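Heads up, the thing below is written out as structure tokens.
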Protein chains: 2
Amino acid sequence: MANAAAERWPSTADQGGRVTITDVAKAAGVSVATVSKVVNGRYGVAPATAARVFEVVEQLGYESSLVARSLRRRRTNVIGVLVAEFEPFSTELLKGISQAIEGTGYELLAYSGGSADGNRVGWERRSVSRLGGTLIDGAVIVTPTVVAPVHDNVPIVAIDPHTGPSGAPTIDSDNLAGARTATEYLIGLGHRRIAHLRGREDLESARLRELGFREAMEDAGIEVDPDLIRVGNYRPDLADAPAHELLDRPDRPTAVFAANDISAIRIVEVAHELGLRVPEDLSVIGFDNVPESASCNPPLTTIAQPLHQMGAEALRMVVDLIEGTPREHHVRLPTSLVVRASCAPPPA
Amino acid sequence: MANAAAERWPSTADQGGRVTITDVAKAAGVSVATVSKVVNGRYGVAPATAARVFEVVEQLGYESSLVARSLRRRRTNVIGVLVAEFEPFSTELLKGISQAIEGTGYELLAYSGGSADGNRVGWERRSVSRLGGTLIDGAVIVTPTVVAPVHDNVPIVAIDPHTGPSGAPTIDSDNLAGARTATEYLIGLGHRRIAHLRGREDLESARLRELGFREAMEDAGIEVDPDLIRVGNYRPDLADAPAHELLDRPDRPTAVFAANDISAIRIVEVAHELGLRVPEDLSVIGFDNVPESASCNPPLTTIAQPLHQMGAEALRMVVDLIEGTPREHHVRLPTSLVVRASCAPPPA
DNA sequence: TTGAAAGCGCTAACAT
DNA sequence: ATGTTAGCGCTTTCAA
């Protein structure tokens, strides 16, 4: 019977539209409310009716629209990960988040809102506004360009946060200690003339990494040449010019500490273009330990952040925030030195 | 004046909700219809009114809800990437897709629907149904567990498709040739007793990789020991048991060709646990060339798929499909051998 | 130039 | 047990 009904009212999908709850209702000969109840397992539906509806749902391949449902309901059970773009850093976090979400009952929605033309800055506010309240129950924002927007509605945690007064929940690693370690490693190798390629001006991590560099230099009694501090913005394309300025001169540094791996890799490439050997003529150390740092040539010595862990921790934090579980709102994870092949004592 | 109005009707966000078009309308003293027109740049609004509305929008930080908008409109200008989970393979594709989407005017939404308990199989049909028609204008599905669902509504392209009659648009690489290359490389090194750890039963790529393996063996006049063909399902956790079965025996193979990198890496780990040295006692070759393959110990020799390119190509294909641009519906990209350190001649 | 009203697909009160 | 209705936030005729 149900089958006969379903056949008489073929899915609108066959005709070009998607299968809606109305299609199911018609085919099953019940109201949409009943279908909704059945699909959502509410009480107050006769077993026979429920069975029939299920059959039609199966037949038609109906699946409720996340959009329509989330417009109406309060919860969607999906957590958003907001990134500017999918590059090595954010995708590593994503791996950690994805693993941690298993078994929580939530699903993951990663949204890249920063790629569009006008939104280089402030993309996260826009993304949160567009998705928040509807569609996602909470969000983790990766390296926001502005102070994490506080939406009273949507719990938000920031990974590698913006500079500034930070009351918002955040995850980061010990950037200061990591930068000191990197610099001390270079100094220990015998370097004195060390450059630093700074990260994104607006990020706390970039500030801290520069500070760690300066502290380590000062502790070693080495004066920092202001001309050897450049800004690479964490981006390989923007690291190109400063890399050339740093290396294409007689009094070039013997080592450079780049604020992240992908710009460090770019430096190595520029060095090669200039006929410099790494690490014989120039030592380069990075930060992050993204997988790419191991596959470049030579493999990059770097400071590891526990990226997967950071993602997992961020996820747990939003979930706790959503569910009202009280907890610490700032988590800082340790960094560690990963020695590979891009650093050596300075040329004699 | 506009400011005064805005101040009199403070954003509901201040009170816990999100800022809606209604809030803006109230604050600007106009109808929601007018606000909508202004925000969407429609004609027929007095410049003065538009200015006032813009001001309020700015003040309140209003951003239209993607959800509500997409429910009403036909286009959302977002493209969905549907994955089971975010692991090295899918995130590499994501990087390529993300790069390719720059300047297209589309935004990216990656949805992981396979992590929930019941949906290990068929997650993509569910995801498409939930998001399609609303929310996303098109989708690229990564390694679907069933034949790509044809939604007349939503253009879909599959990367690394399911086995079976494949009329649907697909992107893949030359798995057959890649597998032959891998096997020939091992044979060239002097190996005769070679095992193959197969991939996911339902994927065309796994079938082709096994076929390439068998062909290369046959061409070399080496008989394949059926006992040396095991299934690892492309997953490290599921590679564990077969790896033990393969290696923990007197007549173990001298080399194994794993259907993908992450299970190859697991094999190396198991070998180490068993006290075997790689590559001295056992050679291992993988497939994919995900970044992780370079950072393991020893660095993995593997067959590279142009993952970023595949992602980019898939993106171009959905966009063309959405916009009705005629084009080829099947793209196959070449593979190549990447020699690192996990393979050597067999022990004497 | 502006606004009222319908409706996108769905859920949740509230009838019946 | 089932259906009717209102409404989530938005866009879009259609009237005024």
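Nothing here was measured: the structure is a model prediction, and the numbers come from that model. When reading the values below, keep in mind they use all heavy atoms of this one structure, side chains included, and skip hydrogens, waters and symmetry mates.
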Item to check | Rounded distance in Å - CD (B:E63) to P (D:dC10) | outcome: 10 Å

Checklist entry - Is the count of non-hydrogen atoms from other residues, nucleotides or ligands lying under 6.0 Å from B:E58 atom CD greater than 12? => result no

Next on the checklist: Among B:S112, B:S127, B:P144, exactly one meets side-chain contact (heavy atoms from CB on, under 4.5 Å) together with B:L82. Which residue is that?
Outcome noted: B:S127

Next on the checklist: Please enumerate all residues that pass salt bridge (Lys or Arg N to Asp or Glu O under 4.0 Å) together with A:E63, with sequence neighbours excluded.
Outcome noted: B:R126

Item to check | Gap between atoms CZ and C1', on B:R69 and C:dG7 respectively (whole Å) | outcome: 17 Å

Checklist entry - Between atom CZ in B:R130 and atom P in C:dC10, what is the gap in whole Å? => result 11 Å

Checklist outcome for this item: Residue pair B:V67/A:Y43 against DNA chain D: nearer the 5' end by closest nucleotide is A:Y43

Checklist entry - Does the side chain of A:S65 get closer than 4.0 angstrom to OP1 or OP2 of C:dG9 through an N or O atom? => result no

Checklist entry - Counting just side-chain N and O atoms, does B:T34 come under 4.0 Å of either OP1 or OP2 of C:dG3? => result yes

Next on the checklist: Between A:E313 and A:R327 (salt bridge meaning N to carboxylate O under 4.0 Å), is one present in this structure?
Outcome noted: yes

Checklist entry - Where each residue is assigned the nucleotide of DNA chain C containing its nearest heavy atom, which of B:V45 and B:L71 is assigned the position nearer the 5′ end? => result B:V45

Checklist entry - So what does B:Y62 touch, heavy atoms closer than 4.0 Å: a base, only the sugar-phosphate, or nothing? => result sugar-phosphate

Item to check | Between P of C:dG9 and NZ of A:K26, the distance in whole Å | outcome: 10 Å

Checklist entry - More 5' along DNA chain C: B:A68 or B:V30, using each one's nearest nucleotide? => result B:V30

Do any N or O atoms of the protein come closer than 3.5 Å to N or O atoms of nucleotides 12-16 of chain C, and which pairs are they?
from	atom 1	to	atom 2	distance (Å)
C:dA12	OP2	A:R42	NH2	3.1

Checklist entry - Can you find a pair of side-chain heavy atoms, one from A:D160 and one from A:F89, that are under 4.5 Å apart? => result yes

Next on the checklist: Whole angstroms only, please: what is the CG-P distance between B:L66 and D:dT11?
Outcome noted: 11 Å

Checklist entry - C:dT2 C1' sits how many Å from B:R52 CZ, rounded? => result 11 Å

Checklist entry - Which of the following nucleotides, C:dT11, C:dG3, D:dG9, is nearest to the side chain of B:S31? => result C:dG3

Next on the checklist: Base, sugar-phosphate or nothing for B:T49? Non-hydrogen atoms, less than 4.0 Å.
Outcome noted: sugar-phosphate

Item to check | Heavy-atom side-chain contact between A:T143 and A:I159 under 4.5 Å | outcome: no

Checklist entry - Can B:H308 and B:E92 be said to form a side chain to side chain donor-acceptor pair (under 3.5 Å), step by step? => result CA-CA 6 Å; B:H308 294 189; B:E92 281 314 296; 2.7 Å; yes

